[in-house]
Structures are given as structure tokens and as C-alpha cells.
Student: 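Before I ask anything, here is the structure I am working with.
The structure displayed is predicted, hence computed values, not measured ones. All residue numbers in this chain count up from 1 along the given sequence. Heavy atoms only: backbone and side chains are in, while hydrogens, waters and symmetry mates are out.
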Amino acid sequence: MKTRVIAKPDLKLAAKRGRTPTTFHRVNNSSNTEIINKLKNRKYFIKTYGCQANVRDEETMRGILESVGMISTDNVNESDLIIINTCAVRENAEDKVYGEVGNLKHLKAKKKDLVIAICGCMVEQPEILDRLINTFKEVNLYFGTHEIYNLASLVYETLTSGERIVSIESKAGEVVEDLPSCRNNKFKAFVNIMYGCDKFCTYCIVPYTRGKERSRRFEDVMKEVKELEAQGYQEVTFLGQNVNAYGKDLDEGYDFADLLVAAGHTNIPRIRFTTSHPWDFNGRMIEAIAKYPNIMKFIHLPVQSGSSEVLKRMNRRYTREDYLNLVKKMKDNIPGLTLSTDIIVGFPNETDEEFNDTLTLVDEVGYDAAFTFIYSPRRGTPAAKMEDPITYETKVKRFKELVSHLENSISKKSNEMIGKVYPVLVEGVSKTNKDMFSGYTENNKLVHFKADETLVGQIVNVKITESHTYSMLGELVK
């Protein structure tokens, strides 16, 4: 199979940042007749790995494919197009993709015109892309995070040319509006407010794969929010690699606090956001969260380490003291605040003392939830070049100790919920017990309880009866 390279990623180019303003595009939803005739009634299957941004990308891809007449299927064996939407944050996510693609070889052998595509952050890395191209001959389309808007054309070109196509351009980035969307949920919605990141934490590949920080225009974000409000959505989550930096790249005079205030004035019952960077969190944002009842008092605030020295090596731009002062300010001004975080264990050259600083910070803050990781080097990042004498066994031991400290805090917070009544947004049948339904409280705690299908998508009152640390059991309060 001949390979046509439209563009390949370049990490040096992806790392460039300048004062060039963001380019805004609006797509014409009147699709090309030739593309529709070729793709109509063909079936597609998408497998997504990674964060909420990847999930939102999937929704956009679904919208684009269905706008040209393609049909979604949950059966990979009957698919005409298979898309693997990848993540690059952790190494085990990459390993899963290699295994997934390997399992598709037999399908390609049976169906010659099957298009297998790989997209997302993983293919934005040159070494990984080359490995994929050389290893998996059955994959015939690679496209990057900046090429999603052009998906239908790329699939059409792959089918009509019989070539393997590679279209992954490393660039500062742009914002494309008016793309069709097929949302995965009828009452909870993700809304991108910005893309990319300029922080360049030394362990993180995202600034290279997602491009520079670029905000959507305020009016475009709120237009989408108003549409969701009119459709009866119960919960909207603002998405960005660093939502607090919203608006900094624009000359419109709006920042994230203004967006929160505008959302607070809507009738959408629940407004959430992720992910926050402590360096960009200011007092106006805290005031907005405290003021509006429909802005959830749950904040995901990644700390990554409790040691100022490690934070400096990570290029996080704040110290341990800065973080703790911010947490105190939040707790003093936001009644009922709950916090979750991200923590990396075993960052290169982390000493026992530095790790202990993380443990003491965890105990002092008292988190309600946390995502914990053993450090995984990402090719192309500064941290991947650091010498690291710490053994993997030591990192695993520290990881277990950290989890133990976190569970003490999380268990305490969960036990305090027993006997109290909380509003819960009912999501559907529990994944762990088909006789129960499940949903989330305002503080993002998963609750299982007996209900019926008529309540799905509604906010109901549930009394907590048992704590299982990470999830709760409750009973419906009529």
C-alpha cells in the first residue's frame, strides 16, 4: 500500500509559541455530494482512550461522520470504518492501543475496503507515529488533533485513492467553530472553552500534541451553553487543558471568571469545569464559584507533588506554600467546598523527604478524591531526559503509601455523608449492580440506589446509608 504523507508531526515546531493571534474558522455544514455518495450508509466504530477532551473529540467525529450519512455501530466486526482515538499521557494507554490495533488484523484480512484509522495525541509524537506505521500495515489513515474537522474528506480520500494517508500537522493551532456534534449523553454535556496548553510542565506531552493555548470566543461558548440549556441539559462541564487561562490569548476583555458568572445566570442546574491549574486560579474565580448555586463546589486542583523542589523541577510555577494558601482561600470563601487532585509518585530524583512532603500535604488538605500515578516518561519532554536512580520497587512502595494516606482522608469525608440527603443526577443502571441505579452528587460522589428508568436524567434527593469509600449506597427520598 502506497503511503501519502500530507503532514507529519514535529515536536520542535509544536513547541513554538508566539504572539500570532488565534485563527478562527467556521465550517460550511453543506457537505460535498461526492463524499456523501461514497460514505452514506457505511458503518463506523470509534474506540476512545484518555481524558474528557478525547471524549469531546469523539462526539465531534461522530457528528461529522453522521452528517455525511454514516451510521454508528457498537459491533466492530460489521464496521466499514474503525477509529482508535488515542491518549499519550501515560505509557499504559499506548500499550492498550498497540494491543487493540493488533486485534484488528483479522478484520482487515476479511474486508479489504475496511478503513482503520488512528488519531489523537499518541500519533502527534514522531517516534510513536513511525513505530505505528512500520508495525501495523493494516492501518490506512492517521490524522492528528488539528485535523478532526477534515475527517470526512480524509476517509473519502483513503477509500478512493487506495493509499495510506498520514495527515498530522504540528502547529500553534486554530479554533474551528460550527462543527456538527453527536453527544454521547442526553443530559450531561462537555463544552470546550479552550484548547492546548502553554505551561510546559516538564513531564507533560500535551502542549506538543494539542498546540498552544487558544480560547474560543466568549459569544461562541455561551451560544453553545444556551443551546444546551434550551435542550434541557442538566449538567455542563467546561473543558480545557487549563480552564483558568481562558481568555488570556484574546483581546475581548473576558476571563474564566466572566464565563463562570455568565453560566451562573443560566437555568442549567449544574456547571462544572476541568482542569484547573493552581497558578492561574484567582480571587474573582473563587467569588463566582461561591456566589452561584448552580456552579458546583467541587474543584479538581492538581498538585502533582507536595515538595517545592519537585514542583520546581516539574515547572509547575507554584510552591507548596502557594498551593496551600490557595486551598485555604478557597475553603474560607466557598462553603461546602470539596477538592480532588492529581499526584505523580516517583518523579525523577524524588527523595524520601520530598515524597514525605507530598504525604503531609495530602493529610493537611484532606482531599475527597484523587488520581494517582507512578511517573511515566514521555518522549520529547524534558523530564524524559533526566537521570533517575530511583528503583521501580521504591516507586511502587511510595505509591501504595500515598494511596493509604489518601484513603484515610477520602474514607473520613465519605463517612461524614452517611445519614445526610444529597441531590443526585440519575445517570442510569449501575455498572456494578443491574438491580440498582447510579448517579453523582454535587460533590461528585458516585451513589448507587434503587430507582426506575423514569428518573434517568433527573436530579433527585437520595439519603446516604452506607459508605464504600469511593462510592456510596443510598435510598431515594420521595
Student: Side-chain contact, heavy-atom cut-off 4.5 Å: K40 with V68?
Tutor: no
Student: Can you tell which of V115, V166, D113 makes a side chain to side chain contact (heavy atoms under 4.5 Å, CB included) with N140?
Tutor: V115
Student: With sequence neighbours excluded, what pairs up with K199 under the salt bridge (charged side-chain N to carboxylate O under 4.0 Å, His left out) test?
Tutor: E213, D280
Student: Which heavy atom in G457 sits nearest to a heavy atom in Q234, and how many Å separate them?
Tutor: O-CG, 3.2 Å
Student: Is the shortest side-chain heavy-atom distance between I116 and I83 below 4.5 Å?
Tutor: no
Student: Using only heavy-atom distances, determine whether the side chains of E466 and H468 contain a donor-acceptor pair under 3.5 Å.
Tutor: yes
Student: When you measure from the centre of the six-membered ring of Y98, is the NZ or CZ of R131 under 6.0 Å away and within 45° of the axis?
Tutor: yes
Student: Between T60 and R56 (side chain of the first, backbone of the second, donor and acceptor by atom type, cut-off under 3.5 Å), is there such a pair?
Tutor: yes
Student: What distance do T158 atom OG1 and L141 atom CG have between them, rounded to the nearest 0.5 Å?
Tutor: 4.0 Å
Student: Please answer whether the main-chain N or O of D258 pairs with a side-chain N or O of D255 as donor and acceptor at a distance below 3.5 Å.
Tutor: yes
Student: Under 30°, 30 to 60°, or over 60°: which ring-plane class applies to W279 and H277, parallel, tilted or perpendicular?
Tutor: perpendicular
Student: With ring pair (Phe, Tyr, Trp, His ring centres under 6.0 Å) as the test, would you mind laying out the steps for F190 and F238 before giving the verdict?
Tutor: CA-CA 6 Å; F190 293 129; F238 289 143; over 10 Å; no
Student: Can you tell me how far apart CG (L114) and CG (L81) are? Round to the nearest 0.5 Å.
Tutor: 8.0 Å
Student: Go through E416 and I418 one step at a time and tell me if the side chain to side chain contact (heavy atoms under 4.5 Å, CB included) criterion holds.
Tutor: CA-CA 6 Å; E416 290 173 353; I418 296 175; over 6 Å; no
Student: Is a side-chain N or O of N444 found less than 3.5 angstrom from the main chain of Y440, in a donor-acceptor match?
Tutor: no
Student: Determine whether the side chains of T73 and E78 contain a donor N or O and an acceptor N or O closer than 3.5 Å.
Tutor: yes
Student: Between K248 and S215, is any pair of side-chain heavy atoms under 4.5 Å apart?
Tutor: no
Student: Where do Q52 and T274 land on the side-chain hydrogen bond (donor to acceptor under 3.5 Å, both in side chains) test, with the steps shown first?
Tutor: CA-CA 9 Å; Q52 294 96 328; T274 192; 4.7 Å; no
Student: Can you tell me if CG on N75 sees more than 12 non-hydrogen neighbours from other groups inside 6.0 Å?
Tutor: yes
Student: Within this structure, what is the CE-NE2 distance for the pair M436 and H448, rounded to the nearest 0.5 Å?
Tutor: 7.5 Å
Student: Are the side chains of Y44 and V155 in contact, using a 4.5 Å heavy-atom criterion?
Tutor: no
Student: Specify the closest pair of heavy atoms between E174 and R214, including all atoms of both residues, with the distance to one decimal.
Tutor: O-NE, 2.9 Å
Student: In the structure I gave you, are the side-chain heavy atoms of R217 and E252 within less than 4.5 Å of one another anywhere?
Tutor: yes
Student: So for atom NZ, which belongs to K171, do other residues, nucleotides or ligands contribute more than 12 heavy atoms lying within a distance under 6.0 Å?
Tutor: yes
Student: Between S430 and K434 (side chain of the first, backbone of the second, donor and acceptor by atom type, cut-off under 3.5 Å), is there such a pair?
Tutor: no
Student: Taking atom NZ as the centre, does K43 end up with more than 12 heavy-atom neighbours from other residues, nucleotides or ligands that are less than 6.0 angstrom away?
Tutor: no
Student: Of all the heavy-atom pairs spanning P302 and Y323, show the shortest one and how long it is.
Tutor: O-CE1, 3.8 Å
Student: Before accepting this row, confirm whether a basic side-chain N of the pair R183/E224 lies closer than 4.0 Å to the acidic partner's carboxylate O.
Tutor: yes
Student: Looking at D57 and R210, is there a salt bridge between them, counting it only when a charged N and a carboxylate O are closer than 4.0 Å?
Tutor: yes
Student: Are Y156 and E34 close enough that a side-chain donor and a side-chain acceptor fall under 3.5 Å?
Tutor: yes
Student: Verify the distance criterion only: is there a donor paired with an acceptor across the side chains of S181 and R62 at less than 3.5 Å?
Tutor: no
Student: With no hydrogens and no angle check, is any side-chain donor or acceptor of R272 less than 3.5 Å from a backbone partner on E442?
Tutor: yes
Student: Quick one: pull up CZ in F143 and CD1 in I118 and give me the separation to the nearest 0.5 Å.
Tutor: 10.0 Å
Student: Has R216 got a side-chain atom pairing as donor or acceptor with N192's backbone, closer than 3.5 angstrom?
Tutor: yes
Student: Tell me whether the guanidinium CZ or amine NZ of K47 lies under 6.0 angstrom from the six-membered ring centre of Y49 and within 45° of its axis.
Tutor: yes
Student: Taking it one step at a time, do N150 and S167 satisfy side chain to side chain contact (heavy atoms under 4.5 Å, CB included)?
Tutor: CA-CA 10 Å; N150 201 33; S167 181; 5.7 Å; no
Student: We want to know whether D342 and H300 form a side-chain donor-acceptor pair, criterion being a heavy-atom distance below 3.5 angstrom.
Tutor: yes
Student: So do F298 and T441 actually touch side chain to side chain, heavy atoms under 4.5 Å?
Tutor: no
Student: So, are K111 and D80 salt-bridged, with charged N and O less than 4.0 Å apart?
Tutor: yes
Student: Shortest non-hydrogen contact from A451 to F437?
Tutor: O-CE1, 3.5 Å
Student: Might you work through the side chain to side chain contact (heavy atoms under 4.5 Å, CB included) test for K297 and T338, ending with a clear yes or no?
Tutor: CA-CA 6 Å; K297 311 312 184 234; T338 56; 5.8 Å; no
Student: I'd like to know if the side chain of E147 reaches the main chain of G144, judged simply by a donor and an acceptor atom lying under 3.5 Å from each other, with no hydrogens or angles considered.
Tutor: yes
Student: What heavy-atom pair brings V345 and F399 nearest, and what distance separates the two atoms?
Tutor: CG1-N, 3.8 Å
Student: Does any part of the side chain of Y367, heavy atoms only, come nearer than 4.5 Å to the side chain of S340, both counted from C-beta?
Tutor: no
Student: With the threshold set at 4.0 Å, does a side-chain nitrogen-carboxylate oxygen contact exist between K413 and D368?
Tutor: yes
Student: Without swapping roles, check the side chain of T86 against the backbone of C119 for a donor-acceptor pair under 3.5 Å.
Tutor: yes
Student: Nearest 0.5 Å, what's the CG-CD1 distance between L159 and I35?
Tutor: 11.0 Å
Student: Counting only heavy atoms from other residues, nucleotides and ligands, does the tally under 6.0 Å from CG of N77 exceed 12?
Tutor: yes
Student: Flag the pair E66 / S72 as yes when at least one side-chain heavy-atom distance between them is below 4.5 Å, and no otherwise.
Tutor: yes
Student: Might you point out which heavy atoms bring K331 and V365 nearest each other, and give the distance in Å?
Tutor: NZ-O, 2.6 Å
Student: Is the F218 to Y254 ring centre distance short of 6.0 Å?
Tutor: yes
Student: Can you measure from CG (N54) to CG (N85) and round to the nearest 0.5 angstrom?
Tutor: 4.5 Å
Student: Going through the checks in order, is the side chain to side chain contact (heavy atoms under 4.5 Å, CB included) test met by I299 and L337?
Tutor: CA-CA 8 Å; I299 300 174; L337 174 70; 3.7 Å; yes
Student: Can any side-chain N or O of Y470 pair as donor or acceptor with the backbone N or O of A369 at less than 3.5 Å?
Tutor: no
Student: Ignoring hydrogens and angles, tell me if any N or O in the side chain of K445 forms a donor-acceptor pair with the backbone of S414 under 3.5 Å.
Tutor: no
